[in-house]
Novice: 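The following block contains the structure, expressed as structure tokens.
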Amino acid sequence: MSGIVAEKRSWAEPYKIKSVELLRMTTRAERESIIAEAGHNTFLIKSRDVYIDLLTDSGTAAMSDRQWAGMMVGDEAYAGSENYYNLEAAFHEHYGYRYLVPTHQGRGAENILSQLLVKPGDYVPGNMYFTTTRLHQERAGGTFVDVIVDEAHDPNSEHPFKGDVDIGKLDRLVRQVGAQRVPYISLEANVNMAGGQPFSMSNLRELHGYCQTHGILVMLDGTRVIENAYFIKEREPGYASKSVKSILREICDLTDGATVSAKKDLLVNIGGFLALNDEELFKQAQNLAVIYEGLHTYGGLAGRDMEAMAQGLREAVMETHQAARIGQVRYLGEKLQSAGVPIVKPIGSHGVFIDAAAFLPHLDRDEYPAQALAAAIYVEAGIRAMERGNVSAGRDPQTGDNRRPNLELVRLTIPRRVYTQAHMDVTAECIARVHAQRDKVGGLRMTYEPEYLRFFQARFEPIAAR
Ligand SMILES: Cc1ncc(COP(=O)(O)O)c(C=O)c1O
């Protein structure tokens, strides 16, 4: 165990606050009309109407003074920006992959990777789906197959590595369709849809061996891989005395490439990249980057964004940062647990995931309990959360039915370095109040459903007032 964890010392932030942004409070009557206008979808609420914003940890981090200083040395040349080379140096040092293709955000990298590797009729196994990742695989003609361990689908399982791949499930798929129809496995670190759950190094090592034997690539979704490395240090035998930096390198060395949304781990407001080891694939990826992203040395980013990302990476691998980051999320989770609110266990890295199915057992999945609960939390205190359940999962392309995943969750996502312990207290108190009156929360009917990633823009109305 690391000293910090074993001694149960405070997770106090390893920084002090130099600049603040004022928050606006609204009345309950205002919030009732705001949520109705937003079609009961928290993505459609204006930011100015939100008190504590726990919608996402994506692009919402507070940058450090050094990152802001980096913004001032942006080299905005179209080609060969100095900041690209600075980013490349930090990338080589910390991830260790051979080749870097910057992209405007994570899904830009997913698009290029899927177009390069997935052919119509292929299968892409993964440790649970992520919305944008699966959509790019499907649009390239592939079929996603979930090969995560069963425990990941059980909110009450205390398995320390719910992000692990079930190698038996993967092997069944490979035997059924043939390894030539499986271009890669999509391995997500700190699996978002499972509640921010890590994979273990021992599972990754076994997966790497299996995939090498069968000629299948291991492509990491490294969006939260540094947080995953911290969990390995905390939980996996043999890793307590290893640094997060060295664990990160060990993970990357066992994978063939990665797509990364830099808006999470890397403490920036925009950015991402595709990492590869194979030179031929890299050349093709650079070529696709000029169609979809911009020149291969900026990938849709300003020079200053790449500089902030390079510095963000250096700060993200600091153990004091991870201890405070994960400590704050755990603090909120433990408060909610002691108030009797059902949440996904163990508490994940980037947020606390409320088990909306257990919170609102009187609602059917097609009455969208998590969507309804996120709306009720907003009305109670102006706190913005988001749905991660039946709405996010979308429809089965074959049957057209709602997928009705086992996990029906509301995600309270904690932006990095933004909110204080008192904000966590207010959040826990608000949710405990909603919990005390949970039988008053009614279900929703979808009134507008966009074709892709419906959770972002869908609209709802209450089924009936209770
Ligand atoms: C695990 C994971 N992968 C990929 C993405 C997509 O990244 P972006 O939003 O930067 O396109 C996200 C974003 O939330 C994510 O959480």
Side-chain angles (χ1 to χ4, degrees), residues 42-43 53-61 101-115 124 126-139 144 146 148 152 162-163 165 184-199 219-229 231 251 255 257-275 289 292-294 299-301 305-306 308-309 312-313 316 325 329 348-351 353 385-388 391-394 407 409 411-416 452-457:
T42 52
F43 274 101
D53 203 346
L54 307 183
L55 183 73
T56 175
D57 64 330
S58 181
T60 52
V101 182
T103 57
H104 73 286
Q105 55 184 81
R107 68 198 72 182
E110 290 167 357
N111 176 34
I112 294 174
L113 183 74
S114 305
Q115 288 204 37
V124 185
N127 55 343
M128 202 172 268
Y129 82 100
F130 183 70
T131 52
T132 56
T133 323
R134 180 177 64 191
L135 184 58
H136 281 299
Q137 293 158 359
E138 287 174 352
R139 283 173 65 80
F144 173 83
D146 187 5
I148 203 165
K162 285 165 109 174
V165 171
Y184 64 96
I185 176 159
S186 186
L187 179 75
E188 188 188 327
N190 269 8
V191 181
N192 196 347
M193 305 303 287
Q197 305 294 331
F199 57 69
M219 287 297 173
L220 178 71
D221 180 339
T223 297
R224 298 184 184 83
V225 66
I226 306 177
E227 292 177 356
N228 196 127
F231 277 137
I251 293 174
T255 62
T259 53
V260 171
S261 167
K263 301 170 72 175
K264 285 81 169 176
D265 259 0
L266 300 192
L267 302 163
V268 285
N269 305 125
I270 194 70
F273 60 82
L274 173 62
Y292 295 107
E293 300 294 318
L301 298 169
D305 298 327
M306 292 188 282
M309 204 196 291
L313 172 51
R325 159 70 178 153
V329 174
S349 65
H350 62 299
F353 290 66
M386 77 167 285
E387 190 264 9
R388 276 303 184 212
V391 181
S392 291
L407 295 178
L409 311 175
R411 190 179 76 178
L412 301 164
T413 343
I414 314 299
R416 295 167 183 79
Y452 301 116
L453 304 175
R454 63 185 186 177
F455 59 96
F456 283 130
Q457 291 152 338

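As the structure lists them, so they are numbered: ligands from 1, and atoms in each ligand from 1.
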Novice: Quick check: does any side chain N or O of Gln197 sit under 3.5 Å from a backbone N or O of Val191, one acting as donor and the other as acceptor?
Specialist: no

Novice: Just distances here: any N/O of Thr133 and N/O of ligand 1 closer than 3.5 Å?
Specialist: no

Novice: Any idea which protein heavy atom is nearest atom 4 (C) of ligand 1, and the distance to it?
Specialist: Glu110 OE2, 3.1 Å

Novice: In the protein, which heavy atom is nearest to atom 3 (N) of ligand 1, and how far is it?
Specialist: Asp221 OD2, 2.6 Å

Novice: Of all the atoms in ligand 1, which lie at a distance below 4.0 Å from a heavy atom belonging to Thr223?
Specialist: 2 (C), 3 (N), 4 (C)

Novice: Can you tell me which residue and heavy atom of the protein come closest to atom 13 (C) of ligand 1, and the distance to 0.1 Å?
Specialist: Lys264 NZ, 2.5 Å

Novice: Output the list of atoms in ligand 1 that are nearer than 4.0 Å to some heavy atom of Arg224, sorted by atom number.
Specialist: 1 (C), 15 (C), 16 (O)

Novice: Taking Thr413 for the side chain and Leu54 for the main chain, is one N or O donor matched with an acceptor at less than 3.5 Å?
Specialist: yes

Novice: What residue and heavy atom of the protein are closest to atom 6 (C) of ligand 1, and at what distance?
Specialist: Thr132 OG1, 3.6 Å

Novice: Taking Met219's backbone N and O only, do any of them form a donor-acceptor pair with Thr255's side chain (distance below 3.5 Å, no angle check)?
Specialist: no

Novice: Check each heavy atom of Lys263 against ligand 1 and say whether those closer than 4.0 Å belong to the side chain, the backbone, both or neither.
Specialist: side chain

Novice: Nearest protein heavy-atom contact for atom 8 (P) of ligand 1: which residue, which atom, what distance?
Specialist: Gln105 NE2, 3.3 Å

Novice: Using the ring pair (Phe, Tyr, Trp, His ring centres under 6.0 Å) criterion, which residues pair with Tyr452? Sequence neighbours excluded.
Specialist: none

Novice: Side chain or backbone, does Glu188 bring an N or O within less than 3.5 Å of an N or O on ligand 1?
Specialist: no

Novice: Would Thr223 and Glu188 satisfy side-chain hydrogen bond (donor to acceptor under 3.5 Å, both in side chains), going step by step from the backbone distance to the final call?
Specialist: CA-CA 8 Å; Thr223 297; Glu188 188 188 327; over 6 Å; no

Novice: Have a look at Asp57 and tell me which of Arg224, Arg411, Lys264 forms a side-chain hydrogen bond (donor to acceptor under 3.5 Å, both in side chains) with it.
Specialist: Arg224

Novice: For Phe353, what residues pass the ring pair (Phe, Tyr, Trp, His ring centres under 6.0 Å) criterion, not counting sequence neighbours?
Specialist: His350

Novice: Are any of the side-chain heavy atoms of Leu113 and Tyr184 separated by less than 4.5 Å?
Specialist: yes

Novice: Around atom 9 (O) of ligand 1, find the nearest protein heavy atom and jot down its residue, atom name and distance.
Specialist: Arg107 NH2, 2.9 Å

Novice: Can you list the ligand 1 atoms lying under 4.0 Å from a non-hydrogen atom of Gly106?
Specialist: 7 (O), 8 (P), 10 (O), 11 (O)

Novice: Just to confirm my output: which protein heavy-atom neighbour is closest to atom 7 (O) of ligand 1, and how far is it?
Specialist: Ser261 CB, 3.2 Å

Novice: Are the side chain of Asn228 and the backbone of Asn190 linked by a donor-acceptor contact shorter than 3.5 Å?
Specialist: yes

Novice: Which residue holds the protein heavy atom closest to atom 5 (C) of ligand 1, what is that atom called, and what is the gap in Å?
Specialist: Phe130 CE2, 3.4 Å

